[in-house]
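Quick notes on the structure that follows.
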Amino acid sequence: MSMGSSLIEQAAQRLEQLRQAGVQLPDEAAAPHAEAAPREVVAPKVVSVEREPQFHSKRVDLDLEALAVQGFLTPQAPRSQLADQYRVIKRPLIKNAVGKGASTINHANLIMVTSALPGEGKSFSSLNLAMSIAAELDHTVMLVDADVARPSVLRMLGLPPGPGLLDVLENSVDMADVLLRTNIDKLTILPSGTPHPKATELLASDAMSNLLDDMARRYPDRIIIFDSPPLLLTTEARVLASHMGQIVVVVEADRTLQSAVQQAIGTIEHCPVKMLLLNRARSNAGAPYGYGYGYGQAHGYGYGHEDAPSKG
Amino acid sequence: MDQLLSQVLSMLRRTWKYRWAGLAAAWIAGLVGAVVVLAMPDRYEASARIYVDTQSILKPLMSGLAVQPNVEQQVVMLSRTLISRPNLEKLVRMADLDLKNQTKAEQEATIDKLQKALSIQSTSRDNLYTLSYRGEDPETAKRVVQALVSIFVESSLGASRKDTATATTFINEQIKAYEAKLEEAEARLKEFRLRNIQTMAADGKDSASRLAEMSSQLERARLELREAVNARDAAKAQLQAERTQAGNTTTQSLLQESSLSVATPELDARIDGLKRNLDGLLQRFTEQHPDIVATRRLIKDLEEQKRKEVAELRKAAMAAPVGTGPNASLAQQELARMLAAAEVQVAGLRARVDEYSSRYAQALAAVKTAPQLEAEAAQLNRDYAIHKKNYEDLVARRESATISGELDVASGVADFRLIDPPRASPKPVAPNRLLLLAGVFVVALGAGLFTAFAASQLRPVFHDAAELRLRTELPVLGVVSALVADVDKRRERLDTIRFLAGSGSLVGVFIVGLAVMAYMMSRQV
């Protein structure tokens, strides 16, 4: 009961915050789309214009089998428990991103994946989420490695380090030059970039916020996932969070202390849309009628389990 | 029920996270407990059965007037009386328990330990008790009990004599006090009697009854007076009647006037005397002698006087119808006599009535002040009676105390007797190691569980989405299962196996220990 009232309260709060912070009313949803086109022509000073990606961006090939073995979702993989779990997870995110959620959200297509403490599975979750959303028909995904202190996306994908976000923020390169297109159709990757001593400060700078703003408005059907630093270790995550539309806090089951999670959520109090994701849960830790139903070891809807990673 | 079950399961799961800590705690607790149990020194018990005359031992405490306490209280009081500090000190010296004590504090500690280890329990029979002592080895225990028994026997002889002496002294004092009181009461009574002697009638009647008596006497006297008066009146009436009858006949007897003898004896005597003188004189002198003439003249005068008197008397006699002469009728005389007697009686009775009236008035006046005096007298009497009774009681009691005291002394150790001599059991009587070891086992398990549980509660984590939702009040997008590689699974299985082995070995060690203990204990029998 308390949960229900808190949800309603949260919705009301969000409404208030949005009204105070400059709301985008539903009837204005069409406006950014119209704005996007002239924007390209105007070419603002700070952020480099992103030209048509297929002409300038690099293309990388991801070893999908290797990824699958490691436990990541891949588009060709058969249905597995993991895939279904992410399907469930991504649905509200996508709904919010297109504005069909409970209320209109500013920068709704910017999704930040963070956690209270390091090692909870942010990168894993953000990559899988990106993969899952990439399978969507109506959306494209950009995965941004914003964990500049310990960038892990390129490592996970088995790609060599290269320029990325930090270089864009330093104004040395264009975003189009560092964006990576992959063999997965709808997925693009923006790596973390060359390690910089002031990486965290760059993240908190105005340049970053302008970049974010631009990224959000350019393609409304593009969902951008940010793999962020942990909330409790740095303050940049909080600053980042204030620009984000939706925030997903990853919590590792049976390891992260409740107090840490509470504290982390406290740091992003001001953000309207916060959601949680329980990672590395043991069986039956989900909803009581969890994903085990129908996806049992041998029975079920005939889902093969020989090449899917075994369940925990 | 569903929720309860899920809560319990989640608690168990949380506890499982800290299983190793729990196992460690269980092992430590088990080892420590086992060491303690094994290291506990054996206790051997020696006991003796004694007969204690409880009433005589406890008499100084209860002074014979209190309500008899129940048996348990008696036993407690008995044990406190017998196992008193002086007795214990004597015991320590006698049984050589203080060989190792150097300081006073150690001595005190020994005595305290002794006090705790000694006990007196009542058996089902009255006045029979079991004296027992738990010591570290059978010999010492037996020595202690023996020493204690001998202390009791020695002291009981002295104690009874002392008891009699104190009792006698006490009673003597009481008797003296009462004697004094008695004398005082007697003195007061005597004084009172002296003061109010007239109110103390010899016959012991109080004033009210005396008053009643006096009034009855008065009534009787009055009654008699009335009777006497009536009798006199009656007699008078009768005499009057007789007189009138006699008076009716006197008019006929005027002629008899002369015959009425009127007696003038005096004159006759003088006349006779003179006549005789005359005769004498005539013999000597003649008629012309002056003496003779004088005498003749005198005789003539006297005869003249006599004639006058007689006439007067006759007249008087005729006027009054009283028969004064010998010619009065006999009846009249009789009645006159009766009347006189009646008059006399009346006078006498009147005097008596007066006397009684005055006495009654006096008594009535006195009766008003009498009750107070009587009350005082009664009280004094009563005081005196009570004191006398108490005094007699005390004297009797003293006599009986003396007699019983002598009897006690004569009979010797009637207070205390040894029935069964001290025996020490060759097997230790405590601690029950088997039981204690089992207890330690249970405690160890409990400690392990508790530690794990406490640890899980101290630093809680999230286990499922419901809990996450509950605590953070934020929507949970979903749950991602852990991807457990085979390697990890194997590792986990190994871990579980190791844990089970650990706990199993703990259980096994305990069971083996218990079995060995039981075997050893059964072998000792």
Side-chain angles (χ1 to χ4, degrees), chain A residues 2-3 5-7 9-10 69-72 81-82 84-93 121 124-125 128-129 246-262 264-265 273-288 290-292 309-312, chain B residues 1-23 451-496 499:
Chain A
S2 67
M3 190 197 66
S5 66
S6 72
L7 275 179
E9 277 174 358
Q10 272 190 328
V69 163
Q70 278 178 53
F72 293 104
Q81 195 193 43
L82 194 68
D84 280 313
Q85 284 171 344
Y86 273 104
R87 278 196 186 89
V88 170
I89 289 167
K90 74 178 176 183
R91 201 45 58 196
L93 293 169
F124 176 84
S125 289
N128 278 336
L129 198 57
Q246 307 179 61
I247 303 176
V248 178
V249 180
V250 176
V251 176
E252 182 176 354
D254 290 336
R255 244 195 65 190
T256 320
L257 296 178
Q258 292 188 7
S259 53
V261 173
Q262 303 275 28
I265 292 170
V273 186
K274 302 183 285 276
M275 286 168 282
L276 298 164
L277 193 150
L278 193 67
N279 196 18
R280 294 206 198 120
R282 293 276 140 179
S283 55
N284 286 340
Y291 307 102
S310 44
K311 290 194 340 280
Chain B
M1 195 61 200
D2 201 21
Q3 264 195 343
L4 188 67
L5 213 61
S6 65
Q7 269 185 350
V8 166
L9 285 174
S10 65
M11 268 203 319
L12 282 174
R13 234 175 281 134
R14 261 184 256 137
T15 314
W16 177 255
K17 191 159 132 59
Y18 293 97
R19 57 193 179 280
W20 285 108
L23 189 64
T451 313
F453 181 70
S456 76
Q457 291 298 91
L458 281 176
R459 294 160 70 80
V461 293
F462 291 111
H463 181 76
D464 55 18
E467 204 182 345
L468 191 57
R469 200 176 339 207
L470 194 68
R471 295 262 180 254
T472 56
E473 293 175 359
L474 291 177
V476 175
L477 283 171
V479 174
V480 177
S481 303
L483 299 173
V484 188
D486 280 334
V487 166
D488 290 329
K489 268 177 77 173
R490 229 173 292 134
R491 195 160 14 105
E492 265 184 30
R493 211 176 297 151
L494 270 176
D495 181 73
T496 315
F499 179 73

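Computed from heavy atoms alone, side chains included, the values below leave out hydrogens, waters and symmetry copies. Chain letters run A, B, ... following the sequence lines, proteins first and then strands; every chain starts at 1.
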Within-4.5 Å side-chain heavy-atom neighbours: [X] and [Y]:
X         : Y         : value
Arg255(A) : Val461(B) : no
Phe462(B) : Thr256(A) : no
Leu276(A) : Pro475(B) : no
Gln258(A) : Arg459(B) : no

CG of Leu278(A) to OG of Ser481(B): how many Å apart, nearest 0.5 Å?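 Rounded to the nearest 0.5 Å, the CG-OG separation comes out at 9.5 Å.
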Have Gln262(A) and Thr472(B) got a donor and an acceptor in their side chains that come within less than 3.5 Å?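 On atom types as modelled, these side chains do not qualify, holding no pair under 3.5 Å.
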Is it the case that Glu473(B) and Gln10(A) place a side-chain donor and acceptor less than 3.5 Å from each other?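 No, because no side-chain N or O of Glu473(B) sits under 3.5 Å from a partner of the opposite role on Gln10(A).
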Criterion side-chain contact (heavy atoms from CB on, under 4.5 Å) on Val480(B) and Leu277(A), from CA distance to verdict: CA-CA 8 Å; Val480(B) 177; Leu277(A) 193 150; 3.5 Å; yes
Any donor and acceptor pair, going by atom type alone, linking the side chain of Lys17(B) with main-chain N or O of Asp254(A) inside 3.5 Å?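 Confirmed, Lys17(B) side chain pairs with Asp254(A) backbone.
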Can you give me the closest heavy-atom contact between Val88(A) and Leu477(B), atom names plus distance?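 Where Val88(A) meets Leu477(B) most closely, the heavy atoms are CG1-O, 3.9 Å.
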Closest approach of Ile89(A) to Gly478(B) (non-hydrogen atoms, all atoms of both residues):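 Minimum heavy-atom contact is CG1-CA, 3.8 Å.
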Is chain B contacted by the side chain of Leu257(A), its backbone, both, or neither, given a heavy-atom distance below 4.5 Å?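 Contact with chain B involves both backbone and side-chain atoms of Leu257(A).
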